[in-house]
Q: 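Could you have a look at this structure, given as structure tokens, before my questions?
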Amino acid sequence: MFPTLKLFGVGSIPWSPLARGLLARPLSAQKETKRGSSDMFDRWLRFIGGYVKEGSGTPEILKRVEELANKKGVSMAQIAIAWILAKDGVTAPIVGTTSLDNLKDILAGVHVKLTEEEIKSLEEPYVPLPINGHA
């Protein structure tokens, strides 16, 4: 899709670049959030479970995002935003948040720059998954 967008000079507006908060914190801390405690737990578990099943690559990606965030002294959310903004054609990711402080943290991701090596490290464990939530 991205080569076609580039050909026609059309930008991309990615929705949910933090994957409903999944990329904003370690996997072990997912339930400790406003969303994790306010969403119906079984619905939340089904959502997260679709991404973290064996062979998905997601747990390793989260580990690498956390390691890189610690190395750079920034949040995991900022690493996720820096990654999506490093992609050619991305113009304005659509983010959601539960607080102004979280929004400020997310926005600070525009100042984080990733090297090609760091981007490659984040992408290497990725395995495509089927669409979640649509039949």
Side-chain angles (χ1 to χ4, degrees):
M1 177 174 86
F2 280 93
T4 302
L5 293 175
K6 189 174 181 176
L7 175 70
F8 291 109
V10 176
S12 167
I13 303 175
W15 176 76
S16 193
L18 300 180
R20 238 184 125 144
L22 185 62
L23 289 167
R25 66 198 52 82
L27 193 55
S28 61
Q30 293 295 321
K31 191 172 180 252
E32 300 166 11
T33 67
K34 270 188 189 178
R35 173 165 279 149
S37 63
S38 65
D39 277 4
M40 295 180 349
F41 182 70
D42 60 334
R43 187 173 131 217
W44 175 84
L45 190 58
R46 280 195 311 271
F47 172 79
I48 296 297
Y51 286 102
V52 298
K53 63 185 173 190
E54 182 148 349
S56 72
T58 304
E60 180 62 23
I61 292 168
L62 290 173
K63 179 180 161 224
R64 292 180 186 198
V65 169
E66 182 180 13
E67 288 170 354
L68 186 55
N70 289 335
K71 177 182 161 191
K72 289 185 170 284
V74 299
S75 71
M76 289 177 67
Q78 290 174 22
I79 295 294
I81 293 299
W83 174 80
I84 197 74
L85 290 174
K87 297 298 167 191
D88 208 22
V90 171
T91 56
I94 299 172
V95 298
T97 182
T98 56
S99 74
L100 182 56
D101 287 339
N102 287 350
L103 181 59
K104 289 176 183 177
D105 179 60
I106 293 166
L107 292 174
V110 304
H111 303 294
V112 176
K113 301 300 178 213
L114 303 177
T115 67
E116 287 299 319
E117 183 179 289
E118 290 167 337
I119 292 169
K120 185 177 178 181
S121 173
L122 293 174
E123 294 176 352
E124 188 264 331
Y126 174 74
V127 175
L129 297 172
I131 294 173
N132 188 1
H134 299 281

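Owing to the predicted nature of the structure, the values given are computational and were not obtained by experimental measurement.
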Q: Find out if a path of hydrophobic residues (ILVMFWY) with successive side-chain heavy-atom gaps under 4.5 Å connects Met1 to Leu7.
A: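 Same hydrophobic cluster.
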Q: Check whether Ile106 and Ile94 end up in the same hydrophobic cluster, where Ile, Leu, Val, Met, Phe, Trp and Tyr are linked by side-chain heavy atoms less than 4.5 Å apart.
A: no
Q: With a 4.5 Å cut-off on side-chain heavy atoms, are Glu124 and Arg64 touching?
A: yes
Q: Could you tell me if the side chain of Met76 sits less than 4.5 Å from the side chain of Pro26, heavy atoms only?
A: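 Yes, close enough: below the 4.5 Å cut-off.
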Q: Heavy atoms, side chains only, cut-off 4.5 Å: are Leu85 and Pro93 in contact?
A: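 With C-beta onward as the side chain, the pair touches.
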Q: Filter on side-chain hydrogen bond (donor to acceptor under 3.5 Å, both in side chains), then keep only pairs touching residues 73-90, sequence neighbours left out; what's left?
A: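 Only Lys6-Asp88, Ser75-Asp105, Gln78-Asp105, Trp83-Glu123, Lys87-Glu123 qualify under side-chain hydrogen bond (donor to acceptor under 3.5 Å, both in side chains).
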Q: With Lys113, which residues qualify under salt bridge (Lys or Arg N to Asp or Glu O under 4.0 Å), at least two apart?
A: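 Scan of Lys113 (salt bridge (Lys or Arg N to Asp or Glu O under 4.0 Å), adjacent residues dropped) gives none.
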Q: Do Val95 and Leu107 make a side-chain contact, defined as non-hydrogen atoms from C-beta onward lying under 4.5 Å apart?
A: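 In short, these two side chains do not touch, never coming nearer than 4.5 Å.
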Q: To the nearest 0.5 Å, what is the distance between OG1 on Thr58 and CG on Leu62?
A: 6.5 Å
Q: So which heavy atom on Ile81 is nearest to which on Pro17, and how close?
A: CD1-CG, 3.9 Å
Q: Identify the heavy atoms of Ile61 and Leu122 that sit nearest to each other, and give their distance.
A: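 In terms of heavy atoms, the two residues are closest at CG1-O, 3.7 Å.
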Q: Please report the interatomic distance CD1(Ile13) to OG1(Thr91), rounded to the nearest 0.5 Å.
A: 4.5 Å
Q: Kindly give the heavy-atom pair with the smallest separation between Ser121 and Pro125, and that separation in Å.
A: O-CD, 3.4 Å
Q: Provide the closest heavy-atom pair for Leu18 versus Ala80 in the form atom of the first, atom of the second, distance.
A: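 Scanning both residues completely, I find the closest heavy atoms to be CD2-CB, 3.5 Å.
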Q: So which pairs with a foot in residues 71-80 pass salt bridge (Lys or Arg N to Asp or Glu O under 4.0 Å), sequence neighbours left out?
A: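 Pairs touching residues 71-80 that pass the test: Lys71-Glu118, Lys72-Glu118.
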Q: State plainly whether the residues Arg25 and Glu66 are in salt-bridge range, i.e. N to O under 4.0 Å.
A: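 Salt bridge: no.
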Q: Atom CD1 in Ile79, atom CG in Leu68: separation rounded to 0.5 Å?
A: 4.0 Å
Q: Got a salt bridge between Lys120 and Glu116, using NZ or NE/NH1/NH2 to carboxylate O under 4.0 Å?
A: no
